[in-house]
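Taking it in order: structure first as structure tokens, then the write-up.
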Amino acid sequence: MRTVRLAAAALLCGGLFPLGAVAPAACAAEGPHAVLVVDTDAPGGEFRYCVALPDGSVTGIELIQLANDQHGLQYRLGYGGNAVCQLAGVGYDSDECLEEGPEFWGYWRGDGSGGWDWSSSGGNATTVRDGDVEGWAWGTGNDGSSHPSPPATTFESVCGARSGGDPPATDDDGGKAGKGSTRARPERRGSTNAAGSGSSTAARAEKEPTHAKDRARDDRDKDPRAKAKRKKRKNEPAPAYTLRPSPTTSSPPAGPIASEPTSSDGGPPAGATVAAVATVGLIVAGAVVQRRRLGAR
Amino acid sequence: MTVHQGAWLTWAAAAAISAISTTNPFYLLLLCAIAWVVHAAHWIPGPSSRSFKIFVFFAIAAIAIRTALVALTPLVPDAAPVTSGTFVAAFVEGLRLGTLLVVFGAFNSVSQPGAILNLAPRRFHEAGLAASLALSIAPRTIETVGRVREAQRLRGIKVSSLRTLPALAVPVLETGMDDAVALAESMDARGHGRGVRSRYRPARWNAASAAITAAAVVTAIAFGAAFFGDATTLSMPSFPIRWPQVSVVLVTCELALAVPALVPRAHR
């Protein structure tokens with residue numbers, strides 16, 4: 001019954017998109033969701049995904065696989081599928097990746113108020129349910145006291161309010177995660193590229209690995225769910241997630257990723273205005289001084 | 001007040017540290033504007049001040065080339081798909097490099113030639129002088145070529161034809177030799193290489209230099225602390241593209257680098 005409702009909501013969301021009259025709130029609240037946070041410890045390398053869960057619960061590793069289906073998060077497992085070796089292109093290539101170097105993907109679980117608890121069990125032995133927040137951080141350190149944790153994240157900041165309230169009039173971070181605001185392109189905060197405004201699929205760009213190793217596409221291919229989802233991808237933009245771009249197209253920037261809480265006016269943050277004003281002021285001042293010096297000679 | 005060369009060096013180092021630590025275009029463009037103001041206020045007449053324009057040109061070229069390099073991504077096996085975020089990331093990396101060039105151009109134009117040499121310990125003065133003379137061979141040769149060409153034109157030799165190019169070699173080499181010998185004689189007359197030590201007109205540390213140095217240290221510490229601590233505002237989110245966060249505290253510390261513009265220039 002639940003899957004039928006999910007499919008109906010998906011069709012509703014997808015079908016009404018061209019009219020722009022989608023009721024995004026219903027889309028986001030439908031079905032169980034969990035949040036996955038990936039912190040690659042590189043500048044700009046923090047990713048947050050609102051992942052729709054199937055019926056029941058999944059393990060931490062299965063959540064990563066779902067994020068790969070729904071958002072294109074690259075991952076690679078080791079030790080027979082029991083450990084996480086690579087996420088978003090960061091990590092070691094071998095199957096025994098925990099022996100390759102001091103860094104590894106530390107597994108954290110949200111404590112319900114944005115903070116993190118170091119997980120005492122591995123990703124293959126945990127249960128992720130509706131409303132959970134999961135985090136993976138790249139770094140060194142044997143346990144929670146020394147290993148870096150992902151940035152503080154609450155469920156609501158990524159997946160939106162759970163009660164299915166009205167969609168935000170402007171783009172604040174609560175609404176970013178797939179209440180259809182990703183489709184309403186003019187509202188999308190920070191979307192400097194309007195090239196994709198006509199397309200019906202909001203696409204999520206995958207982080208370009210700075211130390212690119214071979215990405216294990218075969219992991220994704222083997223997943224049976226991935227094949228089925230890929231076929232229906234174009235026609236079924238399911239709620240709260242965006243679709244993977246085809247490898248060679250230049251896709252527009254968008255995604256249900258919520259940002260750190262910043263200004264809610266949908267534009268550049270306040271500090272940026274100060275910086276911009278200062279920049280322009282200094283350029284003008286420099287021109288004036290230069291004119292005066294050259295004129296006096 | 002003449003600004004001590006060491007103060008300029010500290011200023012340039014702090015500006016470079018700030019530029020390297022971030023890819024946030026708001027910080028970087030502000031840094032470029034600061035370098036421009038400092039250049040406008042304190043450039044010293046000479047070829048180095050004219051070269052500021054060339055540094056700006058190369059900065060823009062660096063940005064353009066770095067952004068265009070994204071087009072080579074298909075040549076890399078298994079690279080991530082190219083999106084507009086990739087272009088944005090490449091652009092801000094180029095912008096960082098360009099900012100470094102502009103900062104260096106400003107430092108170049110406000111520095112007194114030879115003053116940097118005097119900052120080094122006394123033992124390295126001779127070696128430093130030799131190195132700077134060796135490095136100056138390219139501009140000197142270009143200048144000589146210009147003069148020889150002019151002389152040939154005055155004698156009615158067609159300089160535009162390619163066949164007269166070999167006729168350039170001998171006069172240029174000869175002039176180069178003559179200039180080198182003349183330089184060596186004049187340096188010898190001034191006592192270089194004889195171990196004679198004098199501190200003629202040493203540069204003075206004054207209030208202006210101290211203020212510039214202190215302000216530069218503040219900026220360097222602020223950006224260093226941000227880089228090793230909370231670095232959220234230092235990066236430009238490209239996947240997906242979002243407005244970068246800008247910390248007013250960091251902007252204020254960055255504005256400390258503009259203190260040299262407030263210092264009145266020494267009048268000669």
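We name chains A, B, ... by the order of the sequence lines, and we start the count at 1 in each one.
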With a 4.5 Å cut-off on side-chain heavy atoms, are A:L282 and B:I34 touching?
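Counting from C-beta outward, B:I34 and A:L282 do come under 4.5 Å.
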
May I ask you to check whether over 12 heavy atoms, not counting those of B:R147, lie within 6.0 Å of atom CZ?
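Counting other residues, nucleotides and ligands, CZ of B:R147 exceeds 12 neighbours.
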
I need the contact set between residues 207-215 of chain B and chain A: heavy-atom distance under 4.5 Å, sorted by residue number.
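The stretch does not come within 4.5 Å of chain A.
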
Options A:A287, A:A285, A:A276, ranked by heavy-atom pairs under 4.5 Å with chain B, top entry
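Highest number of heavy-atom pairs under 4.5 Å: A:A287.
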
Which heavy atom of [X] sits nearest to which heavy atom of [Y], and what is that distance?
| X | Y | result |
| --- | --- | --- |
| B:P244 | A:P269 | O-CG, 3.3 Å |
| A:G286 | B:A40 | O-CB, 3.4 Å |
| A:A275 | B:V251 | CB-CG2, 3.9 Å |

Run the ring pair (Phe, Tyr, Trp, His ring centres under 6.0 Å) test against [X] and tell me which residues pass, sequence neighbours left out.
| X | result |
| --- | --- |
| B:F104 | B:F55 |
| B:F223 | B:Y27 |
| A:H147 | A:F104, A:W118 |

Interchain contact, B:P74 with chain A, by part (heavy-atom threshold 4.5 Å)
neither

Part of B:L255 within contact of chain A (heavy atom distance under 4.5 Å)
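For B:L255, the side chain is the part near chain A, not the backbone.
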
Rounded distance (nearest 0.5 Å) linking atom OG1 of A:T279 with atom CG of B:L30:
4.0 Å

A:Q290 and B:W43: side chain donor to acceptor below 3.5 Å
yes

